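Residue numbers run from 1 in the order of the sequence given. Note that ligands are numbered from 1 as they come in the structure, with each ligand's atoms numbered from 1 the same way. Keep in mind that this is a model prediction, so the values were computed, not measured.
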Amino acid sequence: LKWWDHVAPAPKDPITSVTEAFLADASPTKINLGVGAYRDDEGKPVVLQCVREAEAKIAGCDFLESVSSAVSSKLVEESVKLVYGMNSDIIKEGRFAGVQALSGTGACRLFAEFQRRFYPGSQIYMTGPTWSNHHNIWRDALVPERTFHYYHPDSKGLNFSALMDDVKNAPDGSFFLLHPCAHNPTGVDPTEEQWREISYLFKVKNHFPFFDMAYQGFASGDLDRDAQSIRIFVEDGNLIGCAQSFAKNMGLYGHRVGCLNVLCNDAKQAVAIKSQLQQIARAMYSSPPVHGILLVSGILSDPNMKALWVEEVKVMANRIQSLRTTLRKSLEQLSSSLNWEHITNQVGMFCFSGLTPEQVDRLQRGFHIYMTLDGRMSMAGVTTGNVSYLANAIHEVTK
Ligand SMILES: Cc1ncc(COP(=O)(O)O)c(CNOCC(=O)O)c1O
């Protein structure tokens with residue numbers, strides 16, 4: 001018997017494999033529209049000013065000790081305020097069970113594990129399509145997934161009626177994985193009115209919504225507006241779960257800072273649930289890296305630094321929004337016969353272009369433009385310097 005001989009190579013990840021191909025390309029005009037990571041107009045990663053200031057404040061601290069429970073609960077409290085609002089009664093009444101997590105992925109994984117432990121046999125409905133890693137996360141938690149209608153290929157918008165039928169036909173008390181804003185990969189969000197109808201139906205069906213909020217601020221540029229869907233559900237009396245990530249909107253990708261919170265019936269339930277979440281985390285990775293947590297809690301608990309952060313999120317969102325407008329206009333000026341309205345109708349980091357895998361492949365081979373095979377373009381990779389080249393290439397492969 002030869003150990004591990006039966007272990008086959010894992011399938012390539014649809015997103016990271018695009019990054020690898022991009023990095024391997026020597027072309028000076030290559031464009032990376034793959035991974036959803038913010039880039040500035042020079043195509044460079046950005047360290048936010050508020051993060052630099054927070055770094056300066058903690059410079060010289062030794063990070064040898066595990067994060068203290070005081071700092072941890074400050075991060076969680078400030079994080080949860082972003083979800084429910086600064087003056088929400090939920091915070092005052094302690095009606096949430098919140099723990100820091102290893103960024104958004106870690107928060108989702110923690111919840112999936114919690115869901116299986118306390119609702120064994122439950123499944124989770126995911127949007128069709130959804131972020132590719134969602135499938136892996138709930139699979140590893142042994143929670144079977146179902147799909148509910150979301151994206152409408154013809155209109156490149158929301159298939160609202162089919163979505164509502166699926167929500168109505170799901171067994172009462174089903175789990176649903178919802179993107180509160182800036183849907184990945186489609187960039188398609190329900191309108192406020194549609195969220196209200198979905199929330200009402202969830203209440204009637206007693207479904208449990210788990211919101212995965214990885215891009216708060218990127219959809220509208222406004223943190224509160226981007227959390228409105230969650231607040232609608234809460235106002236209707238729904239209990240919810242929420243994963244938060246500071247990877248994109250605070251540029252802390254590598255620090256792995258996030259938060260998981262579950263809205264509870266009362267403070268007593270919150271204490272019980274928090275203790276269970278902490279126990280799961282303890283067995284998974286014991287405790288999270290401390291540096292990023294000090295940065296986030298430092299920024300969110302200082303009014304001036306938080307105000308700076310709010311402005312910096314707006315700048316990132318506005319840059320992406322302006323390139324959506326420019327790309328759509330450039331394609332229309334090339335008198336493309338196709339309708340490109342979805343480029344500006346969709347919001348957040350991603351544009352679900354509608355390009356076929358064959359067209360995506362031609363863009364890569366012929367133009368050194370990289371995106372995932374589903375035609376998702378990370379708009380952060382578009383700059384004023386490459387948008388015309390991109391529009392021409394898209395026109396070439398679609399005319
Ligand atoms: C919906 C969603 N949830 C959660 C996450 C988790 O991100 P993180 O764990 O870095 O916070 C992400 C990050 N996506 O990765 C970029 C991409 O799709 O190209 C995400 O999109």
Carboxylate-amine/guanidinium proximity below 4.0 Å for K74 and E77: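 Salt bridge flag = no for E77 with K74.
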Are R109 and D140 close enough for a salt bridge, meaning some N to O gap below 4.0 Å?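 Here R109 does not pair with D140 in a salt bridge, since their nearest N and O are not under 4.0 Å apart.
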For the ring pair [X] and [Y], is the centre-to-centre distance below 6.0 Å?
X    : Y    : answer
F211 : F233 : yes
H183 : Y150 : yes
F350 : Y215 : yes

Which of the atoms in ligand 1, numbered in the order shown and given with their element, are less than 4.0 Å from a heavy-atom of [X]?
X    : result
G104 : 8 (P), 9 (O), 11 (O)
Y215 : 13 (C), 14 (N), 16 (C), 20 (C), 21 (O)
A247 : 10 (O), 11 (O)
V35  : 19 (O)
T105 : 6 (C), 7 (O), 8 (P), 9 (O)

Transitive ILVMFWY side-chain link L82 to F210, under 4.5 Å: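 Result: no, two separate clusters.
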With [atom] as the reference point, say which of [options] has the nearest heavy atom.
atom                    : options                : result
atom 16 (C) of ligand 1 : R376, K248, M349       : K248
atom 1 (C) of ligand 1  : I137, T19, D212, I15   : D212
atom 12 (C) of ligand 1 : F350, F246, Y253, W131 : W131

Tell me the contacting part of S103 for ligand 1: side chain, backbone, both, or neither, using a 4.0 Å heavy-atom threshold, strictly below.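 The part of S103 near ligand 1 is both the backbone and the side chain.
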Specify the protein heavy atom at minimum distance from atom 10 (O) of ligand 1: its residue, its atom name, and the distance to 0.1 Å.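 The protein heavy atom lying closest is R256 NH1, 3.0 Å.
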Residue, atom name and distance, where the atom is the protein heavy atom closest to atom 21 (O) of ligand 1: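 The closest one turns out to be N184 ND2, 2.6 Å.
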Just say parallel, tilted or perpendicular for the rings of Y38 and F218, cut-offs at 30° and 60°.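 Tilted: the ring planes of Y38 and F218 meet at 30° to 60°.
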With a 3.5 Å distance limit and no angle check, can you tell me whether R256 reaches the backbone of G104 through a side-chain donor-acceptor pair?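 Checked: no pair found.
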